[in-house]
Amino acid sequence: VAAMEEKNVKVWDAPVRLFHWALVLLFAFMFFTGKMKGNWMDWHLPAGYAILALILFRIVWGFVGSTHARFASFFAGPSRGLAYARNLLTGGPAHSAGHNPLGGWMVVVLLLAILVQVVTGLFGNDDISIEGPLAKLVSKSVSDRMITIHYWNFYVLLALAGIHIAAVLFHWLVKKENLIGAMFTGVKRLPADAAQAVAAARFASPWLALVVLLVAALAVYLVVKRPF
Amino acid sequence: MKQKFVACALAASLGGAFALDAAAQAKPEQLVHQRQSGMALIGWYFGPIGAMMRGDRPFDAAIVQRNTAYLEVLSKMPIEGFDPSTKDTPASSKGVKTATKPEAFAEMDKFRKGMEAFQGEVAKLAQVAKGGDQAAIRTQFGAVGKTCSACHDAYRVKQ
């Protein structure tokens with residue numbers, strides 16, 4: 001049938017893919033070091049700075065990056081999100097070139113939740129020997145409250161990551177759409193009509209991504225070390 | 001030698017008995033005050049070492065040696081204030097506030113073991129500090145921190 005014809009199209013640029021998997025690895029690392037405590041915490045803080053730099057990069061990339069990396073291209077209103085969800089559940093066609101509307105929400109919610117986690121960590125203390133680099137700027141009780149949020153928000157992150165993985169598995173097993181592979185290769189297999197729309201996607205220069213990342217890293221360095 | 005041992009044992013049991021006796025006679029709010037003061041001092045003497053480990057102040061072996069010698073003794077004190085009679089202090093009319101969760105009293109054996117693990121690691125730290133080797137101190141400091149957070153996570157109300 002002509003309607004079933006599918007095409008391979010590139011949707012994810014290298015910066016988005018690298019960002020995604022670097023974040024996955026760092027998330028696991030933060031989980032591990034945060035639970036192990038002790039000397040592992042020597043690595044927990046620097047890894048947190050790396051995450052902050054990545055998140056800042058991703059936020060900027062969401063405005064200046066490739067078409068499918070931009071918030072404007074995937075941050076849909078509630079009506080589109082609900083319509084998509086209904087379509088998904090009733091078994092209608094639900095392919096999206098970039099992030100689907102629900103996935104787009106997840107991107108934003110995850111970015112915000114991780115940002116909360118990093119910021120509360122920066123101001124936190126463990127009441128023993130570890131202090132976030134900005135803990136001195138606030139009172140002890142504020143710092144204590146920050147680390148309590150850090151503690152509970154971790155479970156929020158864990159739940160969000162669980163939903164994220166469950167959704168991807170749903171697409172893979174039920175919708176027969178391999179989103180995990182696409183996040184490695186950058187290439188999605190799409191119905192011809194959807195593929196047509198993707199052909200119009202613009203890909204930003206990886207050099208621009210590198211510049212944005214370096215600026216983000218510099219910003220994090222200035223916040224953490226406060227050399228001035 | 002044997003006499004010395006007997007004398008030590010006698011002194012220790014007397015000391016222990018006296019400590020128990022003091023705890024038995026003390027009012028719950030005094031016991032809470034005892035353990036909170038102990039914890040405050042432990043925090044006080046750990047503070048500079050933590051700052052050195054973070055790189056917030058220059059490493060000074062003399063301060064580490066002095067503080068860890070204090071801490072070796074201090075680490076043994078707070079357990080005395082976690083007397084079962086203080087179990088209900090959060091509700092006390094004296095307005096004493098404690099961050100100790102009821103689980104600490106319900107699982108007193110585990111809690112005590114946690115305290116002993118802490119005491120053991122602090123004693124090791126005091127030993128390591130005598131060598132003055134910054135890397136070794138750092139490693140052992142991490143081991144101490146781990147025993148702190150083990151009980152803080154399980155038995156201390158988040159602030």
Side-chain angles (χ1 to χ4, degrees), chain A residues 29-49 116-117 120-158 220-227, chain B residues 36 38-57 59 63-64 67-68 71 74-75 78 97 99-101 114-115 117-118 120-122 124-125 128 134-159:
Chain A
F29 184 74
M30 293 304 264
F31 187 171
F32 176 75
T33 53
K35 286 287 165 211
M36 292 304 287
K37 305 236 165 74
N39 287 320
W40 286 103
M41 289 303 284
D42 287 354
W43 297 99
H44 190 82
L45 277 69
Y49 310 152
V116 166
Q117 192 68 353
T120 52
L122 287 174
F123 285 98
N125 78 93
D126 78 338
D127 239 331
I128 299 161
S129 62
I130 302 152
E131 257 182 24
L134 303 185
K136 284 184 195 68
L137 301 179
V138 298
S139 71
K140 177 75 166 63
S141 66
V142 169
S143 177
D144 286 349
R145 200 147 321 142
M146 287 289 190
I147 214 61
T148 304
I149 299 171
H150 194 75
Y151 180 85
W152 290 112
N153 190 56
F154 167 69
Y155 293 101
V156 173
L157 282 177
L158 217 50
V220 172
Y221 173 81
L222 293 178
V223 165
V224 168
K225 293 287 174 195
R226 284 175 298 128
Chain B
Q36 288 180 344
M39 288 294 192
L41 286 172
I42 288 169
W44 180 266
Y45 289 105
F46 263 121
I49 309 175
M52 288 177 204
M53 299 299 124
R54 282 196 301 276
D56 285 353
R57 61 182 278 177
F59 179 75
I63 293 179
V64 177
N67 284 18
T68 51
L71 286 162
L74 284 169
S75 67
K97 274 196 185 157
T100 309
K101 289 186 187 168
M115 274 289 196
F118 167 63
E121 296 297 346
V122 171
K124 269 189 222 160
L125 179 62
V128 171
Q134 192 174 350
I137 291 171
R138 190 182 183 78
T139 305
Q140 185 54 28
F141 185 76
V144 172
K146 221 175 152 134
T147 60
C148 296
S149 39
C151 283
H152 280 197
D153 286 352
Y155 302 117
R156 186 168 185 267
V157 177
K158 298 249 170 270
Q159 299 299 293

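Side chains are part of it too, since the values below use all heavy atoms of this structure and drop only hydrogens, waters and symmetry mates. Since we're looking at a predicted model, the values are computed, not measured.
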Just verifying a value: how many Å separate B/D56 CG and A/E131 CD, rounded to the nearest 0.5 Å? 6.5 Å

Can you establish whether the number of heavy atoms outside B/R156 located under 6.0 Å from its atom CZ is more than 12? yes

Under a 4.5 Å heavy-atom cut-off, does chain B meet the side chain of A/M36, its backbone, both or neither? both

Region of A/I147 that comes under 4.5 Å of a non-hydrogen atom in chain B: neither

Taking atom CZ of B/R138 and atom CG of A/D42, what is their separation to the nearest 0.5 Å? 4.0 Å

Taking all atoms of both residues into account, what is the closest heavy-atom pair of B/K146 and A/G38, and its distance? CG-N, 4.0 Å

To the nearest 0.5 Å, tell me how far A/I128 CD1 sits from B/F141 CZ. 8.5 Å

With rounding to the nearest 0.5 Å, note down the distance linking CG in A/D127 to NZ in B/K158. 9.5 Å

Has B/R54 got a side-chain atom pairing as donor or acceptor with A/P133's backbone, closer than 3.5 angstrom? no

Please classify the contact of B/T139 with chain A as side chain, backbone, both or neither, using a heavy-atom distance under 4.5 Å. both

